[in-house]
Novice: 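Pasting a structure below so you can have a look.
Model, not experiment: these values are computed from the prediction. To find a chain, count down the sequence lines: A is the first, B the second, and so on, and within it residues start at 1. Any value given below was found using the heavy atoms of this structure, including those in side chains, with hydrogens, waters and symmetry copies removed.
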Amino acid sequence: MTTGLFVEQSLNGLQLGVMLFLVTAGLTLVFGIMDFINLAHGSLFMFGAFLAATFVKITGIFWLALILAVLATGLIGFVMEFLVLRRFYHRSHLDQVLLTFGFILVFNDITRIIWGSIPLPMPLPEILSMPVQIMPGVMYPSFRIAILVLGLIVALCLFLIIERTRLGMWIRAGASDRQMTSALGVNVGLVFTLVFAAGAALAALAGIMSGPISAVQIGMGEPILILALVVTVIGGIGSVKGALIAAIMIGMVDTFGRVMFPPAISSILIYLLMVLILAFRPRGLFPANV
Amino acid sequence: MTLSSVRQLVVPNWPVLLIFVLLALAPVWSMYGGSDFTIRLLTRALILALAAVGLNFVLGFGGLVSLMHASFFGVGAYTVAILAHHDFNGDTLFGLPGTSNLLVSGPAAVFLALVFAVATGALVLRTKGAYFIMMTLALNQMLFFFMIALQQYGGEDGMQIYLPLHLSGYEFGSDSAIYYTVLIVLAFFVFLLSRLVCSRFGNVIRASSENEERLTAIGISPFHYKLVAFTISGAVTAVAGVLWAISQEYVSPADLSWIRSADLVVIAVLGGLVRVWGPLVGALVFVLAEYFLSDITVYWQLVFGLGIIAVVVLFPGGMLSVWATIRKINWGRAHDA
Amino acid sequence: MTLNEKIEKEPVLRLAGLTKRFGGIIATDHLDFDVRAGEIHGLIGPNGAGKSTLVAQIQGNLRPDEGSIIFEGRDITVEAPHRRAKLGVARSFQITSVFMGFTMLANVMMAVQAQAGHSMWFWKNTSMDSSLIDPAMELLELVGLTRSAQALAQNVSYGERRQLELAMALAMKPKLLLLDEPMAGMGRQDGGRMISLLETLKGRYSILLVEHDMDAVFTLSDRISVLVAGRCIATGSPEKIKSDAGVRDAYLGHKST
Amino acid sequence: MKLTTSAAAIALLFAVTGATADTVKIGFISTMSGPLGGTGNEASDGFKLFLDQNDGKMGGAEVEMHWEDDQAKPDVSRQAADKLISEDVDIFTGIIFSNVLLSSIKPILDSGAFYISNNAAPSQIAGKLCDQNFFAVSHQNDQLYEGLGVYMQEMNFDNVYLMAPNYPAGKDMMAGFKRHFQGKIAGEVYTAFGQLDYSAEIAQVRAAAPSTVVFFYPGGMGINFVKQYQQSGLMGEIPVYTGSHGIDQSILPAVGDAAIGVNSGAIWSEFGDNEANRVFVEGFEKAYGRIPSPYAAMAYDTARVIDAALTEVGGSIEDRDAFRTALETMDFSSIRGNFKFNTNHMPIMDYYMTVVEKDAQGRLVNALKSKVASDLEDGYVSECKISG
Amino acid sequence: MSAFFEIKNLEAGYGNSKVLFDVSLKIAEGEFVTLMGRNGMGKSTTIRSIMGILKPTAGEIYHDGTRIDGLASHKIAKRGIGFVPEGRHIFPNLSVRENLLMAQIKRGSANEWDVDSVFDFFPRLAERMSNGGDQLSGGEQQMLAIGRALMTNPYLLILDEATEGLAPIIRDEIWDQLGKLKAMGVSILIVDKELDALSELADHHFIIEKGEIVWQGDNQALMSNPAIHEKFLGV
């Protein structure tokens with residue numbers, strides 16, 4: 001492997017990792033803070049992509065569509081949490097799995113009713129349509145660089161909000177002792193609803209950013225959901241830092257695994273990695289103190 | 001058997017006995033008015049029920065949410081299919097000839113499932129809660145992708161079983177014969193596991209799902225018990241896989257996808273986890289609802305999904321609790337806060 | 001061997017130079033300490049003095065960094081918790097810890113079964129197994145819970161659950177009973193009942209009693225040790241401890257009795 | 001098939017006496033839901049179009065359609081097949097995916113019904129396990145790439161890089177290509193089935209610097225691959241080729257402008273110059289408001305084959321042998337040009353090359369470039385021994 | 001003195017079991033009031049009802065003339081009722097400073113509590129400012145729980161089992177600080193078992209028995225009536 005190719009593949013791994021982080025961030029937050037397993041997270045990812053594709057078609061402006069789709073999916077998350085999910089925080093993980101499995105079926109068919117079963121087009125934004133030269137002989141798609149930058153900005157923002165703001169303190173306090181937090185004057189119900197809506201918005205953001213590089217189709221959320229769950233548990237449930245590191249690890253291992261091993265091995269490599277890590281660290285790399 | 005022991009067996013178990021009697025009569029009904037297809041549909045439901053009964057032993061009683069039971073199902077089905085495949089081709093596997101005799105391939109399938117369950121159980125049972133769920137999901141995915149990549153056994157295409165499977169010469173002549181075989185095997189395992197959950201071993205399993213720390217403190221290390229339970233559970237589900245191979249004469253990686261694992265969990269939960277036979281109710285509801293809904297509308301998954309959501313929201317104990325919940329409403333008692 | 005000879009020869013439990021650190025904090029600091037056969041040994045000290053850490057090390061949930069734990073002359077420092085339980089170290093928990101979904105009777109039966117050691121039995125229905133039911137009912141009677149034997153543990157009062165804990169600990173025929181704040185969360189009435197219950201056990205079991213309720217500790221204990229910052233600052237009879245100046249400064253204060 | 005219960009015997013009796021001479025029951029099992037549901041809907045639309053154009057009749061017979069969704073799951077398809085068998089369906093068709101077909105084909109053929117494939121035809125069924133009642137109107141799987149191999153061999157391509165998912169159809173397609181292409185293979189990469197990201201493989205392609213990339217990525221995988229390939233900037237440097245159905249109308253709109261310039265082989269083209277094809281394409285666009293894909297075209301052609309064979313036997317399928325002989329011997333003109341069934345009941349057909357362009361209305365289409373092979377046979381015909 | 005906090009005929013319970021049958025009590029501004037009784041008599045249930053953690057089934061609760069029963073917990077806290085729960089409930093995943101800061105409610109008057117003034121009040125906490133909540137001793141946790149409640153700048157401070165499980169020497173320190181709070185004019189409602197200490201601080205006592213207030217009176221009345229101690233408190 002030449003240096004140029006190595007750099008390019010490393011970038012590919014990093015970019016895939018950051019993409020996975022975008023999907024996982026919302027999932028791990030909701031999982032860690034509300035102790036809620038949301039299998040329908042993949043559906044929100046799908047909604048993000050479908051809504052953005054539709055808004056792009058209407059407005060013709062990618063970035064405007066992005067903002068609209070993120071807001072719309074956040075609103076969907078808000079309504080879901082407010083109407084149904086909040087009743088399930090104290091229920092068993094099993095009930096949550098079942099409930100959100102039901103949501104996957106419902107959301108897939110709703111998508112089919114609204115958009116039909118043929119995949120939707122989603123062009124690149126004009127400004128990011130050309131690859132750029134990052135070093136002699138290495139061209140790299142500029143949109144993927146945008147994903148990389150956006151993902152890292154999101155990671156930084158999440159870190160600052162959770163660790164440095166009063167909202168972050170309320171979130172952490174609410175996660176560890178909901179009743180007490182409430183008795184100190186914090187509207188925990190609202191905070192949780194916002195966290196869920198933010199998680200949904202992040203899933204949508206990931207879906208939108210993956211739209212121009214992959215198929216916008218029904219069921220697109222399911223394979224990505226499994227990857228996100230893998231990242232969540234490797235990183236440690238509820239840990240944003242863990243999610244970032246685990247996501248990049250998975251991105252790297254998957255990318256180099258695909259190049260270096262036959263497909264029979266490379267397709268199970270990330271699961272193998274997860275099994276190994278959990279065998280030695282049963283609560284993931286960074287067990288969150290929640 | 002004394003009269004009182006008969007009463008003891010029948011009285012508390014009348015719902016499940018009634019269900020089994022009705023199921024045993026189904027082929028008669030199908031003869032006069034129904035169709036052959038009814039029997040095939042019920043066979044499918046009963047096989048899935050058996051798989052979920054196996055799962056429910058660790059899920060409902062051990063509190064272990066396993067998303068890898070499709071892989072036990074697949075090990076059972078694939079073992080039979082692969083041995084039959086070599087029998088058909090007339091070649092050998094690791095120097096041994098293939099066989100279509102279920103008296104050989106059936107036990108072989110269960111044995112492989114036991115080995116697989118011990119090996120994977122030793123790994124996954126180190127983790128708890130959501131980590132356990134994910135660990136099992138990962139193992140399921142690994143076997144799934146492995147089977148897809150395994151081209152000599154059909155890969156993603158799966159494998160057709162061309163020669164008739166038989167029990168040392170006795171062939172299943174009809175769909176009804178397969179149906180009754182499945183029904184008897186299911187009844188056998190429901191009875192077996194019903195005894196098991198009330199035994200000392202069953203007590204340890206239920207206690208481990210209640211409070212592991214306490215169990216350790218009274219001198220029982222739950223790990224080995226959970227491993228034995230996990231292995232029994234996996235083997236029962238593998239038996240369902242063997243029956244699947246008999247009934248479908250075809251196996252494919254789709255039979256061991258994580259979606260199938262999730263289906264089994266849904267079946268168990270829909271039926272209610274607190275009874276060994278709960279999954280039987282769940283499987284009948286699941287298969288019949290899927291069949292009739294998909295006949296009515298192409299958007300049947302929407303209806304089915306809403307149904308699942310409604311059950312989880314309204315009846316936290318599964319379908320078995322519907323009756324109890326209705327009674328509660330009639331008596332006008334306030335629900336606990 | 002008579003009881004008296006046993007006491008002189010070897011205590012039931014002996015800790016030698018036991019040390020446990022968490023990061024930079026020393027929770028147990030070169031602790032030497034023993035529990036004699038048949039005595040109730042009270043262990044008191046301010047919160048954070050390392051009492052719970054100590055109990056966890058004796059029970060086996062925590063592994064000490066240094067030192068050894070000798071139980072009946074046998075070194076159990078690295079033994080797994082369930083092995084220690086088998087040997088006869090029984091613990092009742094600081095926070096009630098029972099099988100909430102089981103009946104009171106089933107809880108005690110579980111402990112009887114664990115003690116009997118036949119848990120890989122797959123066939124016999126335990127709900128008709130008198131070799132489990134009879135001893136369990138006896139123990140429930142001993143702790144005064146006969147009436148609620150069929151109640152689910154999650155539906156009984158806090159005080160009753162603590163009594164249940166004690167019954168489960170006794171079901172294990174323990175040679176050493178670790179009682180971790182048995183009085184916590186109990187009102188005076190329930191607490192009084194627990195004290196008289198423990199008094200009936202006096203002399204029959206060797207007990208390490210960790211407790212904040214000074215009335216209980218001073219009433220029940222044969223000897224008391226005071227733990228401060230991971231060290232034992234005093235051991236002796238209740239009278240001696242009450243009048244110990246060091247203990248008053250560090251723990252009891254001067255206002256209280 | 002052994003039928004021992006009297007119930008089955010009664011059912012069979014009923015079937016023989018109940019069916020009137022001018023009703024034909026056709027079971028159409030296809031993938032209507034899930035991520036792959038687009039293909040099944042295309043196919044059923046194509047089949048329906050023919051029925052709509054012919055007042056619901058085929059060869060003079062009333063057609064009773066039974067539609068079933070297989071969800072792309074083998075066991076669901078098997079269940080649907082069981083149901084239709086018990087309803088005494090005469091002709092089965094519709095299945096898109098090989099694994100779905102394989103799970104159900106044995107009981108269907110055992111029941112004495114015909115399977116006339118509009119899409120899937122894996123190598124087993126073309127060769128060793130061929131059956132007198134199995135016909136493929138569409139193609140044998142390998143054929144989708146065989147014509148491409150012929151073309152590239154004739155045009156003296158060299159240093160070609162092959163990419164496909166690691167599953168039987170992927171291997172079949174590449175095997176079909178290599179059966180006719182003798183030039184240098186620069187690399188052969190099989191990726192995980194259902195893979196989302198191809199950036200690593202694309203980087204390897206750039207490093208290997210081949211003259212051409214030949215890929216097989218059906219459905220969503222194709223959308224992912226073509227978009228990502230175009231974004232990497234390689235589209236202008238290293239041209240890509242795919243076989244028939246590689247970049248068809250079921251995914252072309254979703255890929256968008258990124259697909260412009262993708263070359264593909266074709267067993268049918270919407271620009272095919274014959275009357276039947278014009279009736280189909282114009283009818284389809286009018287009825288559904290979109291350009292038909294090969295899935296729709298093959299289903300439509302399958303309907304036409306059934307129609308032609310039924311016409312031959314006077315609208316009754318009661319005499320199965322006569323119907324089979326009609327299929328084998330009839331003179332049929334396909335919407336793709338030359339067509340007849342081989343001895344293994346796979347098609348003998350022509351092959352074309354197309355390239356993705358924008359048409360006058362600004363829509364993306366596979367513009368017809370040339371016919372590259374005539375009377376192309378599949379590679380398994382010699383293995384098949386159909387005993388009459 | 002007008003009642004600035006009042007409970008009228010409160011009833012409450014869990015599921016089908018009723019715990020409170022008839023609880024009525026009044027607290028005047030600046031008063032130090034105790035709620036005593038044996039375990040299981042309804043002290044904690046009363047307090048949980050006041051805080052909105054448990055929804056009363058009947059009766060009324062007024063604060064400053066406004067009815068507050070049935071309000072969500074956080075709204076009751078916002079109105080100025082500070083809560084120090086049984087078991088302390090420190091957030092283990094927040095630092096000491098964050099435990100305080102998260103609870104801050106500004107009410108716009110002078111001399112409000114903030115992080116610095118709480119640290120002045122409990123100097124031990126200042127030393128452990130950046131430690132996690134799970135790294136504190138029991139006494140420190142209790143101080144933090146009180147400090148945290150003070151951060152909401154409450155008009156009424158409610159303490160449930162404020163000294164349980166603490167070393168006697170630490171208890172004395174807590175009692176001293178509560179005395180100072182009283183002197184600052186904070187109204188206090190406290191549940192505790194330590195009669196000696198309470199008798200030095202309290203203005204008024206309520207005794208609850210089987211979900212009903214069975215006795216009330218001032219300090220002198222309580223101390224001069226040993227029969228009460230015996231009957232209701234089990235002393």
Novice: Over all heavy atoms of both residues, which pair between A:L98 and B:I308 is shortest? Give the atoms and the distance, please.
Specialist: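 Closest approach of A:L98 to B:I308, heavy atoms only: O-CG2, 3.6 Å.
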Novice: Rounded to the nearest 0.5 Å, what separates atom CG in A:L105 from atom CH2 in B:W300?
Specialist: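 Nearest 0.5 Å value for the CG-CH2 distance: 7.5 Å.
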Novice: Where do A:V97 and B:V65 land on the side chain to side chain contact (heavy atoms under 4.5 Å, CB included) test, with the steps shown first?
Specialist: CA-CA 10 Å; A:V97 164; B:V65 184; 5.5 Å; no
Novice: If you round to the nearest 0.5 Å, how far is CZ of B:F145 from CD1 of A:I268?
Specialist: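 So the gap between those two atoms works out to 10.0 Å.
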Novice: Look at A:L269, A:T100, A:L272 and state which one has the largest set of heavy-atom pairs under 4.5 Å with chain B.
Specialist: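 Most pairs with chain B among the choices: A:L272.
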Novice: By a 4.5 Å heavy-atom criterion (distance strictly below it), what part of B:L59 contacts chain A: side chain, backbone, both, or neither?
Specialist: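 Only the side chain of B:L59 comes within 4.5 Å of chain A.
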Novice: If you count heavy-atom pairs within less than 4.5 Å of chain B, which of A:I226, A:N108, A:I37, A:V230 leads?
Specialist: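 The option with the most such pairs is A:I226.
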Novice: Of all of A:R112, A:E222, A:H93, which one pairs up most often with chain B through heavy atoms under 4.5 Å apart?
Specialist: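 Going by pairs under 4.5 Å, I would pick A:R112.
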Novice: What's the separation between atom CG in A:D109 and atom OG1 in B:T297, rounded to the nearest 0.5 Å?
Specialist: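 One gets 7.5 Å once the value is rounded to the nearest 0.5 Å.
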Novice: So what's closer than 4.5 Å to chain A heavy atoms on B:V313: side chain, backbone, both or neither?
Specialist: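 For B:V313, backbone and side chain are both near chain A.
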Novice: Is B:L123 close to chain A through its backbone or its side chain, or both, or neither, when contacts mean heavy atoms under 4.5 Å?
Specialist: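 For B:L123, the side chain is the part near chain A, not the backbone.
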Novice: For chain B, which of A:F31, A:F88, A:F101 has the most heavy-atom pairs under 4.5 Å?
Specialist: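 Looking at each option in turn, the highest pair count goes to A:F88.
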Novice: Which atoms of B:L302 come close to chain A, meaning under 4.5 Å heavy atom to heavy atom: side chain ones, backbone ones, both, or neither?
Specialist: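 For B:L302, heavy atoms of backbone and side chain both lie under 4.5 Å from chain A.
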Novice: Kindly compute the distance separating CE (B:M134) from OH (A:Y271), expressed to the nearest 0.5 Å.
Specialist: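 With rounding to 0.5 Å, CE (B:M134) is 8.5 Å from OH (A:Y271).
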Novice: Are there over 12 heavy-atom neighbours, none belonging to B:F146, within less than 6.0 Å of that residue's CZ?
Specialist: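 For B:F146, atom CZ is not crowded (no more than 12 foreign heavy atoms under 6.0 Å).
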Novice: With a 4.5 Å cut-off on heavy-atom pairs, point out which of A:I113, A:I110, A:D95 contacts chain B the most.
Specialist: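 Of A:I113, A:I110, A:D95, A:I113 has the most heavy-atom pairs under 4.5 Å with chain B.
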Novice: Under 4.5 Å from any heavy atom of chain A, what part of B:W258 do you find: side chain, backbone, both or neither?
Specialist: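 The side chain, not the backbone.
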Novice: Non-hydrogen atoms of chain A under 4.5 Å away: do they reach the side chain of B:I148, the backbone, both or neither?
Specialist: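 B:I148 has no heavy atom closer than 4.5 Å to chain A.
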Novice: Show the nearest heavy-atom pair for residues B:A130 and A:I237, with the distance to one decimal.
Specialist: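 The answer is CB-CD1, 3.5 Å.
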Novice: So how far is it from A:M274 CE to B:L139 CG, rounded to the nearest 0.5 Å?
Specialist: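 Those atoms lie 8.0 Å apart.
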